[in-house]
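Report on one structure; see the data block that follows.
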Amino acid sequence: MRISLLVLASFFATAPVFSQTLESLSLLRQDTLKRDSIKQETPSSVPAGNDQITAPTKYYNLLKNKAVTRKGLFTVHKVDDNYYFEIPDSLLGRDLLVVSRIAQGAAGVRPGYTGYAGDQIGSRIIRFEKGPGHKLFLRRITYEEQAGDTSNAMYNAVVRSNLQPLVAAFGIGAYSPNGRGRVIEVTDYLNGDNDILFFNSGSRNSMNVGSMLRNMCYIKDVSSFPLNLEIRTIKTYNSNVEGPFTLELNTSIVLLPKVPMRKRLADRRVGYFSERYMDYNANPQGVKEVTYIKRWRLEPKPEDVERYKRGELVEPVRPIVYYIDPATPKKWIPYLKQGVEDWQVAFEKAGFKNAIVAKEAPNADENPHWSLEDSRHSAIVYKPSSKANAAGPVIADPRSGEILESHINWYHNLMSILRDWYLIQCAPNDPRAQKMRFDDKLMGRLIRSVAAHEVGHTLGLTHNYGASSSVPVEKLRDREWLKRHGHTPSIMDYARFNYVAQPEDSVTEDGLISR
């Protein structure tokens, strides 16, 4: 199998490297003041539209010395069973990506291909904004209609017709001691049911999710990292089909780049997944739908830029790393890793070495804070499923198309269909396929081929059903030609296996399996 090298090489950016330095946060000082047993000092988060917001109190009255504090994107405080976010003013108005996934699936609730650990159930962009009367608002953001920059007259018209909705309001419980942050209680919001942090409408419908049973829900943990927040909750819902079910959900809140990556406009002749918006200024006598591709941000290190321009191979600032789910059977891990790293040859044509790698996920002893659901990590997630399938979805910044991470879904029973296909199509040419149970080496080779295909999707590539039509049929029986080129020009085709070759052609594995 030959991956389309020149096409891939032309689709990577060399925009300036994104770097962020968060505002330093003040350390909590100890305070021995006793709380008034009568006066209620802790304001509650409330749904948007509720004006019952209490006035702020003193910082150290709200967050007593028994608070457990974690610093990161937001400083997270836990006092007893209550959670507080301390949001620096520097992050107000910044775009934050919310990605929600199932961390632990519910027993017996897996309709179709949904409901497994690792499945995505929601994705939104939000902003925190100042409000009047000691309020902090949460706003949902979309980028479906635009009009260029602020210098053109159409910009104001589009803005006036696209006020983004407020979806929650929080009372400011206290202001940071340095005066550059606001503390809000988020206990009720995290414990509640909303389509910002949890199920979106599509996922809710596909999984038959009904009303939430609040008395059987709780916050398990909230962790804060430099560029993201990870929220773990236990949720119990009524099912629209059966009885109640309980899930563990993971919600990631990720800081998006202040300056989005440069867009790469899509071309209908090249198969890439894309983002789009309606531009009211691009066409002076109408409107124009602007479509741009989804792609990873690969850039040379500053000290390697000149070498990169001279055509020398350099390592990117941030390589694409796929972690293998710890639940994956050990014997298949090497083949999944090979399927990922088979793409290195394509990235080398684009000027990068070691641009894409696969690693085994660290265990709890190696990194107790590592999580498969953490939005910073791309992964191949192994699902104990009777479905014979695999899929490679991505999470992308809708402002630019920059792919931020991917969770490839790998369903256990995929092996059954690979066995059936290869047995029927290639058993005359491969004696290893002339039995009902393949040896691990042959099954591993088939797994590697599918892994490379799914990784291609996570690089932004769509299916390329036309590729195999370029191969003359007689070449599918030419052993030497197949050794050099493979039986289909693109791993993104659905060419399956070479069933045209005959036993007398002596075609080897390289000419039978997509590569």
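A quick note: this is a predicted structure, and the numbers were derived from the prediction, not measured. One is the number of the first residue; the rest follow in order along the sequence.
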- Any chance the rings of H457 and H463 have centres within less than 6.0 Å? yes
- Query: Is there a donor-acceptor contact under 3.5 Å from the side chain of N498 to the main chain of G511?
  - Reply: yes
- Which word best sums up how the rings of F74 and F85 line up, parallel for under 30°, tilted for 30 to 60°, or perpendicular for over 60°? tilted
- Item | Qualifying residue, where the test is side chain to side chain contact (heavy atoms under 4.5 Å, CB included) with I356 and the options are D342, L459, T458 | L459
- Task: Spell out, as yes or no, whether a donor-acceptor pair under 3.5 Å connects the side chain of R140 to the backbone of Q164.
- Result: no
- Message: Y237 vs F199, test: ring pair (Phe, Tyr, Trp, His ring centres under 6.0 Å). Steps then yes/no.
- Response: CA-CA 11 Å; Y237 296 93; F199 282 94; 5.5 Å; yes
- Message: Assess, by modelled atom type and distance only, whether the side chains of Y143 and D95 contain a donor and an acceptor separated by less than 3.5 Å.
- Response: yes
- Item | Pair N200, S203: side-chain N/O donor-acceptor within cut-off below 3.5 Å | yes
- Between the side chains of R297 and S400, is a donor N or O closer than 3.5 angstrom to an acceptor N or O? no
- Item | Atom pair NZ (K387) and OG1 (T114), whose distance is rounded to the nearest 0.5 Å | 9.0 Å
- Quiz item: cation-pi between K263 and Y292, 6.0 Å / 45°: yes
- Any side-chain donor-acceptor pair under 3.5 Å between H77 and T69? yes
- Aromatic plane relationship, W370 with H377 - under 30° parallel, 30 to 60° tilted, over 60° perpendicular: parallel
- Look at the rings of Y322 and W296 and say which category their plane angle falls in: under 30° parallel, 30 to 60° tilted, over 60° perpendicular. perpendicular
- Item | Straight-line distance of E86 CD to K71 NZ, nearest 0.5 Å | 6.5 Å
- Task: Return yes if a side-chain donor-acceptor contact under 3.5 Å exists between N208 and S239, otherwise no.
- Result: no
- Do T251 side-chain atoms and L197 backbone N/O form a donor-acceptor pair below 3.5 Å? yes
- Query: Does Y422 have its ring centroid less than 6.0 Å away from the ring centroid of F497?
  - Reply: yes
- is_close_aromatic(W332, Y382), centroid dist under 6.0 Å: no
- Roughly how far apart are S468 OG and H487 NE2, rounded to 0.5 Å? 8.0 Å
